[in-house]
Amino acid sequence: MTGGVEERDQSVSLDLLKQKMANFAKERDWDQFHSPRNLLLALVGEVGELSEIFQWKGEVPKGLPDWKEEEKVHLGEELSDVLLYLVRLSDICGIDLGKAALRKVELNAIKYPASKKNFNTSNGTARTG
């Protein structure tokens with residue numbers, strides 16, 4: 001995934017990531033390995049690596065104020081791995097991830113209307129769909 005400073009300064013869209021991932025795989029002849037199953041298993045592995053970062057930290061405040069810069073960089077890398085595999089999987093499956101996500105937000109708004117705050121006071125969690 002090549003990218004100069006000018007690319008990092010622009011707004012990043014799912015379409016840009018999809019294109020970059022497709023080009024990256026094509027340049028390395030990896031399309032042969034990028035089946036939906038293989039990509040899903042790779043995604044699950046990356047989610048596991050992301051989970052390890054939080055495994056022994058207990059609850060962490062928003063913004064991660066007590067984290068070292070290296071920890072935040074590592075977190076960003078693992079979050080990126082998850083996102084990139086998800087974008088690649090959706091592309092290989094022919095799913096427009098942006099449209100699917102917007103549709104899901106709309107469905108959740110119907111399922112969980114703001115007027116009926118769905119908050120579980122017994123454990124302090126909110127439902128998100």
Side-chain angles (χ1 to χ4, degrees):
M1 281 173 256
T2 60
V5 174
E6 65 281 350
E7 287 179 349
R8 283 185 240 135
D9 289 342
Q10 71 184 19
S11 178
V12 177
S13 68
L14 290 177
D15 285 336
L16 175 63
L17 292 176
K18 181 173 81 169
Q19 178 186 20
K20 290 239 175 244
M21 290 301 294
N23 291 342
F24 187 84
K26 185 177 181 179
E27 289 169 355
R28 288 155 181 80
D29 197 26
W30 286 357
D31 284 327
Q32 60 185 319
F33 307 113
H34 284 188
S35 67
R37 177 188 175 276
N38 287 349
L39 290 167
L40 174 62
L41 293 175
L43 173 62
V44 169
E46 293 300 338
V47 169
E49 290 181 25
L50 177 60
S51 300
E52 286 177 349
I53 295 173
F54 290 92
Q55 186 171 9
W56 304 113
K57 292 197 178 286
E59 282 303 319
V60 223
K62 291 179 183 179
L64 314 174
D66 300 329
W67 286 35
K68 297 175 185 165
E69 189 57 31
E70 314 84 72
E71 292 176 304
K72 290 183 180 183
V73 168
H74 183 216
L75 176 60
E77 290 169 353
E78 296 304 334
L79 286 167
S80 296
D81 285 341
V82 170
L83 175 63
L84 293 172
Y85 272 118
L86 184 60
V87 167
R88 183 70 173 148
L89 176 60
S90 68
D91 184 27
I92 292 297
C93 291
I95 301 297
D96 184 323
L97 189 58
K99 286 181 182 174
L102 287 175
R103 180 176 184 274
K104 185 62 177 179
V105 169
E106 291 168 2
L107 290 172
N108 282 345
I110 294 166
K111 190 173 182 179
Y112 306 107
S115 61
K116 185 183 171 189
K117 306 256 193 276
N118 196 350
F119 188 79
N120 186 341
T121 55
S122 65
N123 67 8
T125 60
R127 292 282 312 255
T128 58

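Counting from 1, the numbers follow the sequence of the chain as shown. Fair warning: this is a prediction, and the values are worked out from it, not measured in the lab. Computation of the quantities below employed the complete heavy-atom set of this structure, encompassing side-chain atoms and omitting hydrogens, waters and symmetry-equivalent molecules.
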Mind checking whether [X] and [Y] sit in one hydrophobic cluster, side chains of I, L, V, M, F, W, Y counted as touching below 4.5 Å?
X	Y	result
L39	L79	yes
L86	I95	no
L41	L50	no
V44	Y85	yes

Just to verify, what does [X] make a salt bridge (Lys or Arg N to Asp or Glu O under 4.0 Å) with, not counting sequence neighbours?
X	value
D81	none
E71	K57
K72	none

Go through F54 and L75 one step at a time and tell me if the side chain to side chain contact (heavy atoms under 4.5 Å, CB included) criterion holds. CA-CA 9 Å; F54 290 92; L75 176 60; 3.6 Å; yes

Interatomic distance, [X] atom [atom1] to [Y] atom [atom2] [nearest 0.5 angstrom]:
X	Y	atom1	atom2	answer
E78	L83	CD	CG	13.0 Å
L102	D96	CG	CG	9.0 Å
K104	K111	NZ	NZ	6.0 Å
Q19	D91	CD	CG	10.5 Å

Output all residues satisfying side-chain hydrogen bond (donor to acceptor under 3.5 Å, both in side chains) with [X], sequence neighbours left out; order by chain, then residue number.
X	answer
D66	none
D31	R88
Q32	D29

Any side-chain heavy-atom pair of E46 and E49 under 4.5 Å: yes

If you look at every heavy atom in [X] and [Y], which pair is closest and at what distance?
X	Y	value
V60	W67	CG1-NE1, 3.0 Å
L43	L89	CD2-CD2, 4.3 Å
L16	S11	CD2-O, 4.3 Å
L97	S90	CB-OG, 3.7 Å

Would E106 and I110 satisfy side chain to side chain contact (heavy atoms under 4.5 Å, CB included), going step by step from the backbone distance to the final call? CA-CA 7 Å; E106 291 168 2; I110 294 166; 5.6 Å; no

Side chain to side chain contact (heavy atoms under 4.5 Å, CB included) assessment of H74 paired with E77: CA-CA 5 Å; H74 183 216; E77 290 169 353; 4.1 Å; yes

Classify the ring geometry of W30 against F24: parallel below 30°, tilted from 30° to 60°, perpendicular beyond 60°.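 Correct class here is perpendicular.
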
